[in-house]
There are 2 protein chains.
Amino acid sequence: MHVTADDLTSTLRAAGLRITAPRRAVCEIVAAHHDDHLTAATVLEHARRDLDVRIDRATVYRTLEALEDVGILRHAHLGHGPAVYHLTEEHRHHHVVCERCGATTAIPVGEFDAFVETIAARTGFVLDVEHFAISGLCPSCAHR
Amino acid sequence: MHVTADDLTSTLRAAGLRITAPRRAVCEIVAAHHDDHLTAATVLEHARRDLDVRIDRATVYRTLEALEDVGILRHAHLGHGPAVYHLTEEHRHHHVVCERCGATTAIPVGEFDAFVETIAARTGFVLDVEHFAISGLCPSCAHR
DNA sequence: TTTTGTGCAAATTGTTTGCAACACG
DNA sequence: CGTGTTGCAAACAATTTGCACAAAA
């Protein structure tokens with residue numbers, strides 16, 4: 001089963017944080033859209049539209065940050081534009097973004113393993129390949 | 001020998017662009033700092049300090065863009081913060097940036113070849129690994 | 001009732017754009 | 001001279017911050 005809004009709020013509470021209406025709303029949205037590319041703006045939108053709650057954008061950022069601090073959420077940068085958030089548990093693929101048309105494609109994590117290990121062996125750096133998407137040209141844009 | 005400021009201005013001129021004082025200054029700076037991590041702000045700084053020329057930031061961006069359009073310059077995003085520019089000719093390595101302390105390390109291009117080919121074979125995407133730096137933890141930050 | 005969290009508004013950072021004046025070719 | 005360029009100032013997008021007020025625990 002997937003992570004639920006309650007899982008998220010409990011984790012926040014366990015970390016000594018208070019559970020407020022805005023926080024609960026953000027948790028619900030994050031849980032409900034675990035496989036989307038959630039941005040802070042999207043969360044705000046969902047709060048207003050789906051839950052009919054109006055939260056300030058600063059609060060959205062702060063709540064997302066709290067969830068990240070607690071370890072259940074992460075954000076990634078897919079090219080330019082806003083950061084996208086995803087549950088740590090759910091993220092089982094990386095992204096490649098077409099720098100011309102913006103199309104994104106998912107790449108299974110395993111595809112990166114050999115590469116990450118090579119770099120670790122050579123440089124000592126432990127890569128976090130998913131934090132910044134890799135740029136490139138999608139098949140159709142590449143044909144030009 | 002390295003690319004000179006004249007090489008840059010000639011290329012611009014060959015593309016039908018006019019050579020103006022600001023453009024010449026930017027070309028000189030780019031040529032002189034071919035192995036640095038030049039940002040638009042840095043270019044501006046050098047223009048003012050080293051060349052005693054005051055260029056507007058919009059002009060710096062436009063000139064850098066012109067150089068990119070002409071194919072002799074590229075920019076990359078090393079984590080957050082401003083884009084860094086480098087001569088196409090000179091760029092013989094990629095970067096990995098420590099997400100904790102910001103340290104960057106260079107990785108020879110060859111290190112990526114196998115990976116880029118695997119992705120191309122599997123997805124048809126032609127990766128441009130250098131456009132967005134890869135995030136990670138440097139050896140010392142990783143030990144925590 | 002004492003912290004912690006919220007909304008609001010303003011600040012920040014990096015980059016882009018509209019436009020009138022300007023100058024290369 | 002005429003079109004490409006510049007500087008300026010304002011617009012932008014994403015995110016952050018300061019602060020008085022509100023509300024969890």
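Order of the sequence lines sets the chain letters (A, B, ...), proteins ahead of strands, with each chain counted from 1. Side-chain atoms are counted along with the backbone in the values below, which use heavy atoms only and exclude waters and symmetry mates. Keep in mind that what you see is a predicted model, and the values were worked out from it rather than measured.
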[X] has an atom [atom1]; how far is it from atom [atom2] of [N], in whole Å?
X: B:Arg48; N: D:dG7; atom1: CZ; atom2: C1'; result: 16 Å
X: B:His80; N: D:dT16; atom1: NE2; atom2: P; result: 8 Å
X: A:Glu45; N: D:dA14; atom1: CD; atom2: P; result: 13 Å

Worksheet item: Other than B:Val84, what residues sit in its cluster of Ile, Leu, Val, Met, Phe, Trp and Tyr side chains whose heavy atoms are under 4.5 Å apart, directly or through others?
Response: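 For the cluster that includes B:Val84, the remaining residues are B:Leu78, B:Val97.
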
Worksheet entry | Connected-component partners of A:Tyr61 among ILVMFWY, side-chain separation under 4.5 Å |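 Joined to A:Tyr61, directly or through intermediates: A:Val3, A:Leu8, A:Leu12, A:Leu17, A:Ile19, A:Val26, A:Ile29, A:Val30, A:Leu38, A:Val43, A:Leu44, A:Leu51, A:Val53, A:Ile55, A:Val60, A:Leu64, A:Leu67, A:Val70, A:Ile72, A:Leu73, A:Tyr85, A:Leu87.
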
Under the side chain to side chain donor-acceptor pair (under 3.5 Å) test, residues paired with [X] that sit two or more places apart:
X: A:Asp113; answer: none
X: B:Ser135; answer: B:Glu99
X: A:Asp56; answer: none

Worksheet item: What distance do A:Thr63 atom OG1 and A:Arg23 atom CZ have between them, rounded to the nearest 0.5 Å?
Response: 5.5 Å

Discussion item. Generate the contact string for nucleotides 14-22 of chain C. Rules: B means base contact, S means sugar-phosphate contact only, - means no protein heavy atom under 4.0 Å.
Written reply: SBBBB----

Discussion item. Going by side chain to side chain contact (heavy atoms under 4.5 Å, CB included), name the residues that satisfy it together with A:Val116, two or more places apart in sequence or in a different chain.
Written reply: A:Phe112, A:Leu127, A:Val129

Discussion item. Among residues at least two apart in sequence or on other chains, which ones pass salt bridge (Lys or Arg N to Asp or Glu O under 4.0 Å) with B:Arg100?
Written reply: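 Residues passing salt bridge (Lys or Arg N to Asp or Glu O under 4.0 Å) with B:Arg100: none at all.
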
Fill in: Residues in salt bridge (Lys or Arg N to Asp or Glu O under 4.0 Å) contact with B:Arg48, at least two apart in sequence or another chain
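B:Glu45.
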
Discussion item. Let's test your reading of the pairing rules: Watson-Crick or G-U wobble, both distances under 3.5 Å, then write DNA chain D as a dot-bracket string with ( ), [ ], | and dots.
Written reply: |||||||||||.||.||||||||||

Worksheet item: Which residue pairs pass the salt bridge (Lys or Arg N to Asp or Glu O under 4.0 Å) test when at least one of the two sits in residues 35-44 of chain A, sequence neighbours left out?
Response: none

Item to complete: Enumerate the residues from residues 9-24 of chain B whose closest heavy atom to DNA chain D is under 4.0 Å, giving them by residue number; use none for an empty result.
Response: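 Under 4.0 Å from DNA chain D: B:Leu17, B:Arg18, B:Thr20, B:Pro22, B:Arg23.
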
